[in-house]
Amino acid sequence: MDRQGNAPPDDIPLVLARDGQHGPVVHAANRAARLAGIMAGSRVVDMRALCPDLQVAYADQAGDRAALDRLVLWARRWCPWNVRDGDDGLILDTTGSDHLLGGEAAMLVEMETQLSLLGLTSRLAVAPTWGAAWALARHGPVRAICGAEDLAMKLGALPVTGLRLDPATVLLLRRLGLKTIGAVMDVPRLSLTRRFAKAALPANPLLRLDQVLGKLAEPVSSIDPAPRLIVQTRLAEPIFDPTPYLPALCADLCDQLQQAGQGCRRLHLTIYRTDGDISHLSVAMSALSRDPVHLNGLFRDKLDRINPGYGFDLIALEAADLGGVKTVQSNLDGGSDDDLELAHLLDRLAARFGDRAVTRPVLRASHIPERAEMRLPVLADAPALMPVPASERPIRLLDQPEEVRVLYAVPEGPPAQFVWRRQTHRVTRYAGPERIAPEWWRDRPGTRLRDYFKVEDQMGRRLWLYREGLHSDGRGGDPRWFVHGMFA
Amino acid sequence: MALLHMQKTLQGYPPQPGLSCFTLSEVFVETVADAAALGFALARLPCGQRPVLWVQDRVSRKESGYPCIAGIGPLRPIIMVNVTRAADVLWTMEDGLRCRSLGGVIGEIWGDPAVLDFTATKRLALRSEAAGVPCWLIRRLAHPNLSAARDRWRIGARPSAPHPHDSQSPGAPRWAVELFRSRHAKPGQWVASYDRTADRVDLVAAVSDRTLDAGDGPAGQRAAG
C-alpha cells in the first residue's frame with residue numbers, strides 16, 4: 001500500500017520486513033523479489049544472500065490494518081455488510097446486492113476496477129461460504145464465481161493451504177500425502193475426527209472443511225449494524241462540495257421515512273472519497289422529524305467541516321434513531337405547532353453551536369449550590385421536576401466562587417466589611433448563616449463546611465458569601481471567604 | 001405608573017392591543033456584578049410555563065455568573081445557550097425570536113461590540129414585535145449608543161425593604177429603575193420594589209431615605225428609638 005507515491009519500480013526486488021525471533025523476517029515481497037525466489041516468512045539475511053541487490057523496508061503493520069479497516073467502510077458502497085478478514089482480506093456479504101450492480105460477474109469487474117483506481121491489486125471471488133471465498137480468491141481462477149451446487153467440485157482441485165490452516169497442520173497434511181482439498185474430502189470422516197478431535201479450529205482440517213462446505217455456520221459480523229434507511233447519489237465525476245445535492249437527498253430520505261411512517265432523530269452524511277477514504281458528518285434532532293427543509297437546514301454551516309480530500313463520487317445520507325411518527329394535521333387557522341417550532345429551534349441551535357453549548361438546566365437533589373443544578377443536553381428528554389430548596393437562593397451564581405478579604409467582628413459571625421474585585425463593600429444588613437455540610441460520600445476527606453450569608457452592602461447590592469470551614473475544625477488554617485452569587 | 005403597564009396577564013398577551021409590551025428592551029447595568037437588572041427583566045416576563053431562551057457570551061458568564069434556577073424557580077424552564085462572540089449571541093436571539101412558543105428571550109452582551117449596532121437592534125425589535133415574544137438585552141460595561149430598542153432602562157440595586165420579621169436581614173429587593181428612552185411611555189425614574197411571592201413589581205417615585213448619618217447607630221436601635 002504505497003500511498004506516498006514513492007513506490008520503487010517493479011523490476012527492483014523489494015521486501016517489507018518485520019521483526020522475527022532471530023532477526024528481521026520477510027513480511028511481504030514484490031513481484032521481482034518473488035521471481036528471485038524470495039518467500040514470505042524467511043529471514044532477511046538469508047534472502048540477501050540469495051539476492052544481493054535486495055532492498056528492504058520495514059512494514060507498517062498497524063497502519064496497514066487501519067487502512068484495511070477504512071477500506072471496509074469504503075466497501076460499503078457495494079453492500080452494507082462487510083468485515084475485515086485477517087490482515088489482507090475483506091469479506092463482503094453480497095447477498096441481495098449483486099443484482100444492483102448487474103449480476104455477480106459485473107459486480108466483480110466493478111469492484112476490481114474501483115480498487116485498481118485506488119492503486120490496489122485485488123483478487124476476488126464469489127462463493128456461498130466465507131471459507132470457500134477465501135480459498136477461491138487466493139488459489140482459484142481470476143474472478144471465480146462459485147455456486148452452492150458446484151462447491152465441492154471447484155474446491156476439490158485447490159491446494160490444502162486454501163483451508164485456512166496453520167503452517168504446522170498444512171505440513172502434516174502434505175506429509176500424509178493430502179495435497180488438495182479434494183484429497184482431504186475423500187478421507188473418511190471418522191479417520192479425520194479420530195486424528196484431529198482435540199485440535200483447535202486453525203489446526204483442525206475437519207472443522208475448516210465443514211466451514212468451507214457450509215456445514216458449520218460462519219456468520220459475517222459486520223462492525224456496526226447495517227443502516228436501515230439510506231439514500232445515495234452517485235456522481236459522474238469527483239466533486240468537492242455536497243451542498244447542491246443535499247436538498248434532493250433530504251427529500252428522498254423524507255419520502256422513504258414518510259412511507260415507513262417514521263421520523264428520525266439523527267442523520268449521518270457519509271461521503272465516499274476517491275482516495276479510498278470516507279468522511280462523516282452527523283446532526284441530531286430533539287424531536288422525531290421528517291421535514292426535508294428542516295433537515296437540510298441543519299447541515300447548513302457544517303458542510304465546510306468535512307474533508308473532501310481529492311473529491312468524492314458518492315454521497316450517502318442515512319437516517320438513524322428512528323421512531324414512529326403519525327401524520328400531523330396542520331392547524332386549520334394557519335397557526336403553527338408550538339412544540340414543533342421549539343424543537344426545530346433547538347435543533348438549529350445545537351447544530352450550529354454544538355451539543356454542549358445549548359443546555360437545559362434542571363434541579364438535582366443536592367445541597368451544594370453548584371451541584372444542585374445539572375445541565376442536560378436539550379436534545380435529550382426533559383426529566384421530572386425536582387423540589388426547590390426551601391431557603392432563598394440567589395438568581396446568579398458565579399462559575400468559580402471568588403475569594404474575598406474580609407473583616408469580621410466575631411470569627412464565626414457575619415462579615416463587617418469585605419474587599420471583592422478591588423472594591424470595598426461595607427455590610428449593612430445580613431441574613432444567615434446557613435450551614436451546608438460537605439457531601440461525605442462524594443467529597444474528598446478534609447473538605448470544609450460552608451456557612452452562607454446573604455449580605456447587603458452600602459450600595460444595596462445583595463451578595464451571597466460563604467466562609468469555608470471554622471477556626472477550630474482542624475482542617476487547615478484560617479477559614480477563607482468567597483463570594484458565590486448575587487441576589488436580585 | 002399607568003404608563004408603564006406593569007400588570008401581567010396569565011396568557012401573556014399585552015394588556016392593551018395598541019401598546020405592545022412585547023418588544024425589545026435594553027437594560028444597562030449599573031455595576032457588573034449586579035443581578036438587579038435580571039430580577040427586573042425576569043419579573044417583567046409574562047407568566048406561564050413557556051421556556052425562556054437565555055443567551056450569554058463568554059465574558060458575561062465569566063464575570064457575572066450564570067442564572068441559577070434554584071433562585072429563579074423551576075416554573076420557568078430555561079434553555080441556556082453559551083456562546084463566545086457577541087455576533088453569535090445576536091444570531092441566537094434572532095433565531096429564537098422566530099419561535100412563537102418561547103416565553104421570552106434574554107441576551108447578555110459584554111461591552112460595546114461593533115456588531116451590536118442600530119441595524120442589529122432594529123432587527124431584534126421588529127422580530128420580537130412580529131413574534132409577540134419579549135426580548136431583553138442586558139448590557140454590561142456598555143455605553144448607551146444608538147439603538148432601536150423601544151425601551152431603554154438603566155437599573156441598579158438599592159437597599160432593600162425592611163424585613164417584616166428580622167430587622168437585621170435584607171427584605172424584599174428594591175431597584176433604582178430609570179427609563180431614559182422609550183417609544184411608548186414617558187421617561188422617568190422610579191424605585192421598584194419586588195414582591196417575590198406575588199411576582200409583582202411596584203413602582204414608587206424616586207424619593208429615597210436620607211443616607212445614614214454617622215451617629216445613627218445600628219438598625220435595631222433606630223427601630224426602637
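This is a predicted model, so every value here is computed, not measured. Residue numbers begin at 1 in each chain, while the letters A, B, ... track the order of the sequences.
- The CE atom of Met459(A) sits 9.0 Å away from the CG atom of Asp34(B) when rounded to the nearest 0.5 Å.
- Here the side chains of Ile79(B) and Leu345(A) are not in contact, with every heavy-atom distance at 4.5 Å or above.
- Looking at Phe487(A), only its backbone comes within 4.5 Å of chain B, counting heavy atoms on both sides.
- Around the CZ atom of Arg61(B), the shell of radius 6.0 Å holds more than 12 heavy atoms that belong to other residues, nucleotides or ligands.
- Contacts between Pro77(B) and chain A at a heavy-atom distance below 4.5 Å are absent for every atom of the residue.
- The distance from atom NE2 of His344(A) to atom SG of Cys99(B), rounded to the nearest 0.5 Å, is 10.5 Å.
- Both the backbone and the side chain of Glu63(B) come within contact range of chain A, with heavy atoms under 4.5 Å apart.
- Counting heavy-atom pairs closer than 4.5 Å to chain A, the top residue among Ala176(B), Gly156(B), Ser169(B) is Ser169(B).
- Glu341(A) and Arg98(B) get closest at one heavy-atom pair: OE1-O, 4.1 Å.
- In this structure, chain B has no heavy atom under 4.5 Å from any part of Arg356(A).
- The heavy-atom pair separating Lys454(A) from Gly171(B) by the smallest distance is NZ-O, 4.4 Å.
- A donor-acceptor pair under 3.5 Å is formed between the side chain of Arg462(A) and the backbone N or O of Arg158(B).
- Residues Arg375(A) and Asn82(B) have side chains in contact (heavy-atom distance under 4.5 Å, counting atoms from C-beta outward).
- Annotation: side chain of Arg429(A) is in contact with side chain of Pro159(B) (closest heavy-atom distance under 4.5 Å).
- Of the two parts of Pro394(A), only the backbone, made up of N, CA, C and O, holds a non-hydrogen atom closer than 4.5 Å to a non-hydrogen atom of chain B.
- Put simply, the side chain of Glu373(A) never gets that close to the backbone of Cys68(B): no donor and acceptor are under 3.5 Å apart.
- Taking a 6.0 Å sphere around CZ of Arg123(B), one finds it holds 12 or fewer heavy atoms contributed by other residues, nucleotides or ligands.
- Considering every non-hydrogen atom in both Ala431(A) and Pro170(B), the closest pair reads N-CD, 4.0 Å.
- In this structure, CH2 on Trp54(B) lies 13.0 Å from OG1 on Thr359(A), to the nearest 0.5 angstrom.
- For Arg426(A), the CZ atom is loosely surrounded, since the number of other residues' heavy atoms within 6.0 Å does not exceed 12.
- Ranked by non-hydrogen atom pairs under 4.5 Å with chain A, the options Ala157(B), Ala37(B), Pro51(B), Gly96(B) are led by Ala157(B).
- Taking the side chain as every heavy atom from C-beta outward, Gln168(B) and Pro414(A) never approach each other to under 4.5 Å.
- Ser64(B) OG to Asp399(A) CG: the interatomic distance, rounded to the nearest 0.5 Å, is 9.5 Å.
- Contact annotation for Val81(B): both backbone and side-chain heavy atoms come within less than 4.5 Å of a heavy atom of chain A.
- At most 12 heavy atoms of other shown residues, nucleotides or ligands fall within 6.0 angstrom of atom NE2 in His367(A).
- By number of non-hydrogen pairs under 4.5 angstrom with chain A, the leading residue of Gly39(B), Ala36(B), Ser160(B) is Ser160(B).
- Counting heavy-atom neighbours within 6.0 Å of Lys302(A) NZ, excluding the residue itself, gives a total above 12.
- Within the 4.5 angstrom heavy-atom criterion, only side-chain atoms of Val32(B), from C-beta onward, approach chain A.
- By the neighbour-count criterion of 12 heavy atoms within 6.0 Å, atom CZ of Arg371(A) is densely surrounded, having more than that number from other residues, nucleotides or ligands.
- At distances below 3.5 Å, not a single donor-acceptor pair connects side-chain atoms of Arg461(A) with backbone N or O atoms of Ala33(B).
- Contact of Thr84(B) with chain A is not made at all, since no heavy-atom distance falls under 4.5 Å.
- Put simply, the side chain of Arg352(A) does not reach to within 4.5 Å of the side chain of Thr92(B), judged on heavy atoms.
- With chain A as partner, the option from Asp166(B), Ile69(B), Ile72(B) having the largest number of non-hydrogen pairs under 4.5 angstrom is Ile69(B).
- With a 6.0 Å radius and a threshold of 12 heavy atoms from other residues, nucleotides or ligands, Arg300(A) has its CZ atom at or below the threshold.
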